[in-house]
2 protein chains.
Amino acid sequence: MAQSGQPTMGQSLLFLTDEQVRIGIEAMFFAYRGFTADPDRILATKAYGRAHHRAVHFIHRSPGTTVNNLLAILGVTKQSLNRVLRSLIADGLVSSTVGKADKRERHLHLTDAGAALERELSDAQRDRMRSAYRAAGPEAVAGFREVLEAMMDEEMRHHYRAMKDRPE
Amino acid sequence: MAQSGQPTMGQSLLFLTDEQVRIGIEAMFFAYRGFTADPDRILATKAYGRAHHRAVHFIHRSPGTTVNNLLAILGVTKQSLNRVLRSLIADGLVSSTVGKADKRERHLHLTDAGAALERELSDAQRDRMRSAYRAAGPEAVAGFREVLEAMMDEEMRHHYRAMKDRPE
DNA sequence: CACAATACGTCAGCTTTGTTGACATTCCAA
DNA sequence: TTGGAATGTCAACAAAGCTGACGTATTGTG
């Protein structure tokens, strides 16, 4: 379909061919493996998995967030998240406090131990991302983020932008 | 963004800050969800999962590939791959033929039905990737691929490059 | 030739992480 | 005040990853 070779406008559309798009798909597949490899290695030595990493990451980013909000960001069922949260709470990495205004809600925070785990996992992942950034350079990074953002579902893009503009 | 600060050297390094790197990590997380969303939706209506999609994709890309080779590309155990392959073969989507030169090997091919499934899944995924490409533009796409490639493990990068340079 | 190594398949059992269903608690609005 | 919506928890199950052990056919080597 997009296989045409004649740029009729002032700009070539060759980067939209099936071939080029396919390369992007495979790049995504292989890169995501690298993206998760380092934290996964650390998690394997503890009794946790990737789901715990995600929960800890976003609780760190949004302290006091509710279970429902976390659900929307992670895009899993509440039962699935609950299992993860339960073990993190039992192990003293996350605290859950009943909401003051709305007692149905639980507000989630990292404990000191939870913050330590978050840092350990994030450091490993950040190191790889940073070295990829460095290898590719600032302009490539800008393009990287543009394409990723365009690849998201509308709802995820909303969460992404909200988090992006919040200070660390 | 990374261009805005005061470069003390010839080039600004602001794009390597923890903050910028963290944004990339979150972009990767949210984008991967979009990346798999469309094929997942289709697969949910059939009796297959993401693992089947991956197998079918790479058999399509490397017709006649051996089980061992597929194992290296997918990075799973043979027991895990075998479960997937067994169902695909039983359902007549993949054929497995004894190697001619080395009879220990099995060469894998898609049947017509397998190729049809592959196309259905890939079309959905390609559409999204193409629209992300279009929205971001050719220069962004180049950067996108550079960063992803730099993010891969050495071995995955090897597979990626080998597949990239092979015609469709 | 004898024997080690390779390629593949399979059984059994476990873990992580997703799912649906049922249910308790809390809030809010008719 | 009461019934429905929202929030969160528990139980049971499925997909797909993992390790370990073993069997079989084939290949390559000392």
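Values below: every heavy atom of this structure, side chains too, minus hydrogens, waters and symmetry copies. Nothing here was measured: the structure is a model prediction, and the numbers come from that model. Residue numbering restarts at 1 for every chain, and letters A, B, ... go by the order of the sequence lines.
- With respect to the salt-bridge test (charged N to carboxylate O, under 4.0 angstrom), the residues R161(A) and E149(A) qualify.
- Here N68(B) reaches the OP1 or OP2 of dC8(C): one of its side-chain N or O atoms lies under 4.0 Å away.
- A salt bridge does not link D123(B) with R128(B): none of the charged nitrogens is closer than 4.0 Å to a carboxylate oxygen.
- Comparing V67(B) and S80(A), the nucleotide of DNA chain C nearest to each residue sits closer to the 5' end for V67(B).
- Dashed line: the shortest gap from a side-chain N or O of N82(A) to OP1 or OP2 of dG8(D) is not under 4.0 Å.
- When distances run from any side-chain atom of Q79(A) to the nucleotides dC8(C), dG8(D), dG21(C), the shortest one goes to dG21(C).
- Scanning atom types as modelled, one donor and one acceptor separated by under 3.5 angstrom connect the side chain of R104(B) and the base of dT6(C).
- For R54(A), a side-chain nitrogen or oxygen approaches OP1 or OP2 of dG18(C) to under 4.0 Å.
- Atom CG in L85(B) sits about 16 Å away from atom C1' in dA15(D), given to the nearest Å.
- If you measure from atom NZ of K78(B) to atom C1' of dA12(C), you get 15 Å, rounded to the nearest angstrom.
- Nucleic acid contact class of A55(A) (heavy atoms, under 4.0 Å, all strands): none.
- Between Y48(A) and H52(A), the ring planes are tilted. Angles from 30° to 60° get that label.
- Using a 4.0 Å heavy-atom criterion, one finds that A101(B) contacts the sugar-phosphate atoms exclusively.
- For the pair L71(A) CG and dT17(C) P, the computed distance is 16 Å after rounding to whole Å.
- When each of R106(A) and S96(B) is assigned the nucleotide of DNA chain C with its nearest heavy atom, S96(B) is the one assigned upstream, toward the 5' end.
- With rounding to whole Å, D102(A) atom CG is found 8 Å from dA6(D) atom C1'.
- Within 4.0 Å of G75(A), counting heavy atoms only, lies no atom of the nucleic acid at all.
- The separation between Y48(A) atom OH and dC18(D) atom P is 22 Å, rounded to whole Å.
- Using a 4.0 Å heavy-atom distance criterion, H107(B) is classed as making no nucleic acid contact.
- Distance K100(B) NZ to dT27(D) C1': 19 Å, rounded to the nearest Å.
- Nucleic acid contact for R50(A): sugar-phosphate only, since backbone atoms but no base atoms lie under 4.0 Å from a heavy atom of the residue.
- The distance from atom CZ of R83(A) to atom P of dA14(D) is 14 Å, rounded to the nearest whole Å.
- Phosphate proximity of dG9(C) to R86(B): absent, as no side-chain N or O sits under 4.0 Å from OP1 or OP2.
- Considering every non-hydrogen atom in both I42(B) and L121(B), the closest pair reads CG2-CD2, 3.8 Å.
- Of the options F35(A), Y160(A), F58(A), a ring pair (Phe, Tyr, Trp, His ring centres under 6.0 Å) to F29(B) is made by F58(A) and by none of the others.
- For dT17(C), the OP1/OP2 oxygens have a side-chain nitrogen or oxygen of H52(A) closer than 4.0 Å.
- Note: CG (L74(B)) to C1' (dA16(D)) measures 13 Å, nearest angstrom.
- By the 4.5 Å heavy-atom criterion applied to side chains, K46(A) and L117(A) are counted as neighbours.
- Using a 4.0 Å cut-off, some side-chain N or O of T77(B) falls inside it from OP1 or OP2 of dC18(D).
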